[in-house]
Structure formats: structure tokens, C-alpha cells
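Encoded as C-alpha cells, the structure appears first; notes follow it.
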Amino acid sequence: MTALDENRRKLLKTGGGWSLAAALAAAGMLPSRAALADWNKSAFDGKNVAETLKALGIEPATASASLVLTVPDIADNGAVVPVQIASRLAGTTRLALMVEKNPNTLTAVFEILPDAVADVSTRIKMAQTSNVVAIAVADGKVYSATKEVKVTLGGCGT
């Protein structure tokens, strides 16, 4: 293949990507600058659970067995810790995930649509051994579930 052929392929790939992005933007399928600016920066800058809940406009939470937080007891790699939050609370509209000892406590916020199953899975990064806190907002009340995850480094707990 000649250099001209390679350049033509690169141009077609790049042009195709931009064309797809333009089509998605025109169809309203990409977030606008206003939507991106609407995220709650102060909540993600929170340094502890209480500060983060306040920034989210959420009152202190009550522990509930109906909010199930599934995380490993020991995470061999703090860079990819699997987490699942499942709410069995009727009317759940929001789920949040926090790691107490991370530099920024708030890890994720999920808005739950009406009639959707309030069950999310993700992977998080943990700086050190810490409590992981799940928050659910259901019918205007706030519930929580907490579990400590030990992050090991080379097989030794930190």
C-alpha cells in the first residue's frame, strides 16, 4: 500500500467520524454545552459524605436493608473495583455512590427514570481501604448502605 492510499484512508476515517458526530448533534443525540455545564461540580468536589450530601441537596440518610450494595471485601486492584447498587425501594429516583477516603468522595450519581429498575453496576477507583457508601432517594426519603472494602497492595492490606 502506498503512502497516498494510507493518507486517503486516514482522511476517510476522520471525515466519517466528524460526519457521524455532526449527524448525532443535528439529531439532538449529543449533550449540549448547557447540559454539560449543568453537572453539580460542588458535589463532586466534596471531601466527605456529609459535605457531598449537602451539595447534592440530600438530607442525611437512614440505613436500609432494601438498598443492596455489592462490593468485594478485598480489592486486589484499587483501580478497578466492581460495584453494584440495587434498590428494592419503591419510587427510587436517584442512586449515588461515594468512597469516604477518596480525594473526591462522590464517585457517581445515577438518575433513575420512572418504571425503571433501580439496579446499576460500575467499576470505581479506590485510593485506599475505605467505606463505600450507596445512597438511594425514594419517595422523597434518603436511604444508605455502607460496606468497607480493603484495598490491597502487593497482597498487603493498606
Side-chain angles (χ1 to χ4, degrees), residues 17 20-158:
L20 176 61
L24 291 173
M29 297 177 78
L30 291 179
S32 67
R33 283 186 183 256
L36 293 173
D38 194 32
W39 73 293
N40 191 340
K41 182 177 180 343
S42 62
F44 281 95
D45 287 341
K47 300 300 179 196
N48 59 53
V49 173
E51 186 180 309
T52 302
L53 288 175
K54 184 177 179 185
L56 287 170
I58 297 174
E59 62 194 45
T62 304
S64 174
S66 294
L67 180 61
V68 180
L69 172 62
T70 306
V71 290
D73 294 326
I74 298 172
D76 293 329
N77 183 354
V80 286
V81 181
V83 178
Q84 180 182 15
I85 309 169
S87 175
R88 297 182 187 133
L89 301 158
T92 298
T93 57
R94 181 188 284 181
L95 296 173
L97 185 61
M98 297 179 227
V99 179
E100 286 182 349
K101 292 185 182 176
N102 269 6
N104 299 86
T105 304
L106 185 60
T107 303
V109 177
F110 303 93
E111 300 296 330
I112 309 299
L113 297 172
D115 300 324
V117 176
D119 187 340
V120 295
S121 295
T122 190
R123 293 186 185 275
I124 63 172
K125 187 172 187 175
M126 294 183 65
Q128 60 184 306
T129 296
S130 179
N131 282 335
V132 176
V133 181
I135 301 291
V137 177
D139 289 333
K141 296 181 181 153
V142 183
Y143 303 93
S144 69
T146 303
K147 184 173 179 187
E148 183 184 55
V149 176
K150 247 185 197 207
V151 177
T152 61
L153 183 61
C156 301
T158 58

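For the numbers below, each heavy atom of this structure counts, side chains included, while hydrogens, waters and symmetry mates do not. Predicted, not measured: the structure shown is a model, and the values here were computed from it.
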Derivation and outcome, side-chain contact (heavy atoms from CB on, under 4.5 Å), residues Thr107 and Met126: CA-CA 10 Å; Thr107 303; Met126 294 183 65; over 6 Å; no

Pairs flagged by salt bridge (charged side-chain N to carboxylate O under 4.0 Å, His left out) wherever residues 138-149 is involved - sequence neighbours left out: Asp73-Lys147

Smallest separation among heavy atoms of Ile135 and Ala61, with atom names: CD1-CB, 3.9 Å

For the student: nearest non-hydrogen atoms of Gln128 and Lys101, plus distance: NE2-O, 3.5 Å

Ser144 backbone acceptor or donor facing Ser64 side chain under 3.5 Å: no

Heavy-atom check, side chain of Pro82 versus side chain of Pro72, under 4.5 Å: yes

Donor-acceptor contacts under 3.5 Å from residues 51-60 side chains, at least two apart:
residue, atom, partner, partner atom, Å
Glu51, OE2, Lys47, N, 3.3
Thr52, OG1, Asn48, O, 2.8

Leu95 vs Leu67 side-chain heavy atoms within contact, under 4.5 Å: yes

Exercise: identify the closest heavy-atom pair between Lys150 and Thr129: CA-OG1, 3.5 Å

Distance-minimising heavy-atom pair for Ile112 and Arg94: CG1-N, 4.1 Å

For residues 83-93, dump all side-chain donor-acceptor pairs below 3.5 Å to protein atoms at least two apart in sequence or in another chain.
residue, atom, partner, partner atom, Å
Gln84, NE2, Asp119, OD1, 2.8
Gln84, NE2, Asp119, OD2, 3.3
Ser87, OG, Leu89, N, 3.2
Ser87, OG, Thr92, OG1, 2.7
Thr92, OG1, Leu89, O, 2.7
Thr93, OG1, Val137, O, 3.4

Option among Val133, Thr122, Leu106 that satisfies the side-chain contact (heavy atoms from CB on, under 4.5 Å) test with Leu97: Thr122

Sidechain-backbone polar pair: Asn102 side chain, Ala127 backbone, donor-acceptor under 3.5 Å: yes

Minimum heavy-atom distance between Val81 and Val149, given as atom pair plus value: CG1-CG1, 4.5 Å

Nearest-0.5 Å distance that lies between atom CE in Met98 and atom CD1 in Ile124: 12.0 Å

